[in-house]
Amino acid sequence: MTTDRLLDAGAVRDLDNVKRLWAAAGIVSFLGLAVTAVLAFTDPADVNWVMWLRGIAVTVACFAFILVTAAVRRGSRRAYTRMRLVATIAPVGVALLIVAPDSGYPGWMKVEQAVLAIPVIVIAVLLWRRRMRQALRPVR
């Protein structure tokens, strides 16, 4: 359920930054997907289904979260809570992917995922700021 709330200028500015960061993460993920596509063509033995699955899922998710950010800007507490949860947990998943010895991800993709995690961590920080929590606190 979306309720129209008047967010303060600081929260709006933070959400504009969140939108840009999701776009940046989506571009990084798309570039990783492009590398996977080139490798599939030039050296198919180096590409597995896990690389395709993660590349597509993460790219789509990043761009979908731009839409979710718009819902948060309209005052959706539900969208805010979900996005904050994903932005908080996703970097943990990336860290596990990086340290897993037999994850199916080549070294270059682990680096790409680490780079992708940076804007997501910043998103989590922005979403956990006091002014954001206050702007989107539950309506009583």
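Hydrogens, waters and symmetry mates play no part in the numbers below; they use all other heavy atoms, side chains included. Treat the numbers as computed from the prediction; the structure is a model and nothing was measured.
Considering all non-hydrogen atoms of both residues, Ser103 and Leu97 come closest at OG-O, 3.8 Å. Of all non-hydrogen atoms in Gly55 and Ser29, the two that sit nearest each other are O-OG, 3.6 Å. When all heavy atoms of Ala117 and Val94 are compared, the pair lying nearest together is CB-CG1, 4.0 Å. Here the closest heavy-atom approach between residue Val120 and residue Ala87 is recorded as CG1-O, 3.6 Å. Nearest heavy atoms, Asn48 versus Gly104: ND2-O, 2.7 Å. Across Pro119 and Val115, no two heavy atoms sit closer than the pair CD-O, 3.1 Å.
Considering only heavy atoms from C-beta on, Val125 stays 4.5 Å or farther from Val122 through its side chain. Taking 4.5 Å as the limit, every side-chain heavy atom of Gln113 sits out of range of all side-chain heavy atoms of Tyr105.
Distance CG/Leu67 to CE/Met83: 11.0 Å, rounded to 0.5 Å. For the atom pair Arg84 CZ and Arg77 CZ, the distance stands at 6.0 Å (nearest 0.5 Å). Here Thr69 contributes atom OG1 and Leu21 contributes atom CG; the two are 9.5 Å apart, rounded to the nearest 0.5 Å. Rounding to the nearest 0.5 angstrom, the gap separating the SG atom in Cys62 from the CG atom in Leu116 is 5.0 Å. Summarising the geometry, atom CG belonging to Leu15 is positioned 7.0 Å from atom CG belonging to Leu127; distances are rounded to the nearest 0.5 Å. Note that the CD1 atom of Ile123 and the CG atom of Asn17 stand 10.0 Å from one another [nearest 0.5 Å].
Between Asp14 and Arg131 a salt bridge is recorded (basic side-chain N to carboxylate O distance below 4.0 Å).
No continuous path of ILVMFWY side-chain contacts below 4.5 Å connects Trp108 to Val38, so the two sit in separate hydrophobic clusters. Val50 and Val99 end up in different hydrophobic clusters when Ile, Leu, Val, Met, Phe, Trp and Tyr side chains are linked at under 4.5 Å. Linking Ile, Leu, Val, Met, Phe, Trp and Tyr residues whenever their side-chain heavy atoms come within less than 4.5 Å leaves Ile118 and Phe63 in two separate clusters. Hydrophobic cluster membership differs between Leu31 and Ile56, with clusters built from Ile, Leu, Val, Met, Phe, Trp and Tyr side chains linked at under 4.5 angstrom. Residues Ile89 and Val86 are members of separate hydrophobic clusters, defined by side-chain heavy-atom contacts under 4.5 angstrom among Ile, Leu, Val, Met, Phe, Trp and Tyr.
Applying the 6.0 Å contact sphere to CZ of Phe30 captures no more than 12 heavy atoms from other residues, nucleotides or ligands.
Looking at Arg73, its side chain never comes within 3.5 Å of a backbone N or O of Ala70 through a donor-acceptor pair. Within the 3.5 Å criterion, the main-chain N or O of Ile66 finds no donor-acceptor partner in the side chain of Lys19. When atom types are taken as modelled, the side chain of Lys110 and the backbone of Ala100 share a donor-acceptor pair closer than 3.5 angstrom.
Cation-pi geometry between Arg133 and Trp128 is not met at under 6.0 angstrom from the ring centre and within 45 degrees of the axis.
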Check against side-chain contact (heavy atoms from CB on, under 4.5 Å), Leu33 and Met51:
CA-CA 8 Å; Leu33 191 56; Met51 295 164 61; over 6 Å; no
